[in-house]
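Only one structure is covered here, and it is reproduced in the block below.
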Amino acid sequence: MDTVKLKLKSKKLRSGRFQINFSTDGLVDGFYGYLLAESKTSVSDIIKKIDRHVKAMANTERYLQRNLYSFGKRQNTSGRILIFKK
């Protein structure tokens, strides 16, 4: 897979967590999404997590986001990431 360039923007929420808005460049199909991160999470960990999900979505025709399909199990954290194709 080619190198993926990420554009990141963050917003601090009242809860103390950060909402990370991201988008990709360098892929035929671009991606964008949102990630909820704890205040202690390092930038490198955030980038690794986004990269892992982008690669998984780009390399499979069927990528299911658990948080969109787990209404009965809301107490379980599902990675706190939403990713979409542009």
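Values reported hereafter were calculated over all heavy atoms of this structure, with side chains retained and with hydrogens, waters and symmetry mates removed. Bear in mind the structure is a predicted one, so any value in this text is a computation, not a measurement.
Each salt bridge (Lys or Arg N to Asp or Glu O under 4.0 Å) pair with one or both residues in residues 32-45, not counting sequence neighbours, appears once here: Arg17-Glu38, Glu38-Arg80.
When the side chain to side chain contact (heavy atoms under 4.5 Å, CB included) test is applied to Lys7, the partners found at least two apart in sequence or on another chain are Ser23, Asp25.
Pairing each heavy atom of Phe31 with each of Lys86, the nearest pair is O-CE, 3.5 Å. Here the closest heavy-atom approach between residue Ile20 and residue Ser10 is recorded as CD1-CB, 3.6 Å.
Atom NZ in Lys5 sits 11.5 Å away from atom OG1 in Thr24 (nearest 0.5 Å). Distance check, rounded to the nearest 0.5 Å: NE2 of His53 to CD1 of Ile83 gives 8.0 Å. Once rounded to the nearest 0.5 Å, the distance linking CG of Leu36 with CD1 of Ile46 reads 10.0 Å.
With hydrogens and angles ignored, the 3.5 Å screen pairs no side-chain donor or acceptor of Lys12 with any backbone N or O of Ser39.
Using a 4.5 Å cut-off on side-chain heavy atoms (C-beta onward), Ile47 and Leu8 make contact. With contacts defined as side-chain heavy-atom distances shorter than 4.5 Å, the pair Tyr32/Asn21 does not qualify.
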